[in-house]
Amino acid sequence: MKCKYCGTEYEDSRYCPNCGSNNDEYVEKEPVKEVEEENVFINTEKEEEKKEESSVDDRPERDKNVAGLLAILLGTFGIHCFYLGRIARGIFSIIFAWTGIPSIIGFFEGIAILVGNDRDFEERYNVKCVKTL
């Protein structure tokens, strides 16, 4: 055995005969293996892809025509609100469906969605949010 402090070689003993240090916990470490640069690059790239995949919102993409038709045909029950991710508004539409107001609002929202700009719809409802950790 070799003393980790003074380097003296000695046989099975707990203490170094030269300096008296306790060498019970001393374990020779294996030499560090050199890693090829390509493997490091590939592993780093895969880790970054995993981080990107896990940090992007996984909401489904919404279609403008489907949202417009749902608003016109089923706006009374707020189905288009659920489709577009506005859950609270959809619940209020169901609660107040007996008044007829949600059907009027849904009709005009459906017209506005169908006539509106595609880019505005994409920005409003299909934006991929990045989750912060």
Side-chain angles (χ1 to χ4, degrees):
M1 185 175 205
K2 189 174 185 179
C3 179
K4 65 180 176 180
Y5 296 105
C6 67
T8 305
E9 290 190 22
Y10 60 96
E11 292 185 25
D12 301 326
S13 175
R14 191 171 159 176
Y15 298 99
C16 175
N18 188 33
C19 66
S21 61
N22 185 355
N23 289 307
D24 267 351
E25 299 170 0
Y26 178 65
V27 177
E28 290 187 28
K29 295 181 181 177
E30 295 181 17
V32 178
K33 296 178 182 177
E34 292 184 24
V35 180
E36 295 179 20
E37 290 182 22
E38 287 183 28
N39 292 341
V40 173
F41 178 72
I42 292 170
N43 291 338
T44 307
E45 192 174 280
K46 289 179 182 178
E47 289 174 7
E48 288 177 8
E49 288 177 7
K50 288 179 184 178
K51 287 179 184 177
E52 287 177 10
E53 289 175 3
S54 64
S55 65
V56 175
D57 192 5
D58 295 332
R59 292 185 297 179
E61 199 165 311
R62 295 166 178 105
D63 186 37
K64 175 183 165 183
N65 295 328
V66 172
L69 291 175
L70 285 174
I72 291 172
L73 300 175
L74 299 171
T76 304
F77 305 108
I79 302 300
H80 66 291
C81 297
F82 291 108
Y83 179 73
L84 295 174
R86 301 183 300 190
I87 307 300
R89 189 164 177 188
I91 292 171
F92 280 115
S93 294
I94 290 173
I95 292 172
F96 293 105
W98 62 274
T99 63
I101 295 172
S103 61
I104 296 169
I105 293 172
F107 178 77
F108 286 113
E109 276 186 338
I111 299 285
I113 289 172
L114 291 174
V115 174
N117 191 355
D118 291 339
R119 185 175 175 194
D120 292 338
F121 182 83
E122 291 293 322
E123 288 176 3
R124 186 174 212 165
Y125 298 110
N126 287 330
V127 175
K128 294 291 182 184
C129 299
V130 176
K131 296 177 184 176
T132 56
L133 299 175

Mark yes or no for whether Y125, through its side chain, and G85, through its backbone, hold a donor-acceptor pair below 3.5 Å. no

Locate the shortest heavy-atom distance separating I91 from F82; write the atom from each residue and the value. N-CZ, 3.7 Å

With rounding to the nearest 0.5 Å, note down the distance linking NE2 in H80 to CG in L69. 12.0 Å

Rounded to the nearest 0.5 Å, the CG atom of D63 sits from the CG atom of L84 at a distance of 10.5 Å

Output the distance between atom CG (L73) and atom CZ (F107), rounded to the nearest 0.5 Å. 10.0 Å

Can you name the closest pair of heavy atoms from I72 and G110 and give their distance? CG1-CA, 3.8 Å

I need the R124 CZ to R119 CZ distance, nearest 0.5 Å. 15.5 Å

Could you go step by step and tell me if I113 and K64 meet the side chain to side chain contact (heavy atoms under 4.5 Å, CB included) rule? CA-CA 7 Å; I113 289 172; K64 175 183 165 183; 4.0 Å; yes

Please report the shortest heavy-atom distance between E122 and R62, naming the atom on each side. OE2-O, 4.4 Å

Would R89 and I105 satisfy side chain to side chain contact (heavy atoms under 4.5 Å, CB included), going step by step from the backbone distance to the final call? CA-CA 12 Å; R89 189 164 177 188; I105 293 172; 3.7 Å; yes

Within a radius of less than 6.0 Å around CZ of F77, do more than 12 heavy atoms belonging to other residues, nucleotides or ligands occur? no

Consider only side-chain heavy atoms of I, L, V, M, F, W and Y, link residues closer than 4.5 Å, and tell whether F96 and I101 are in one cluster. no

Within the structure provided, determine whether F121 and N65 are in side-chain contact (heavy-atom separation under 4.5 Å). no

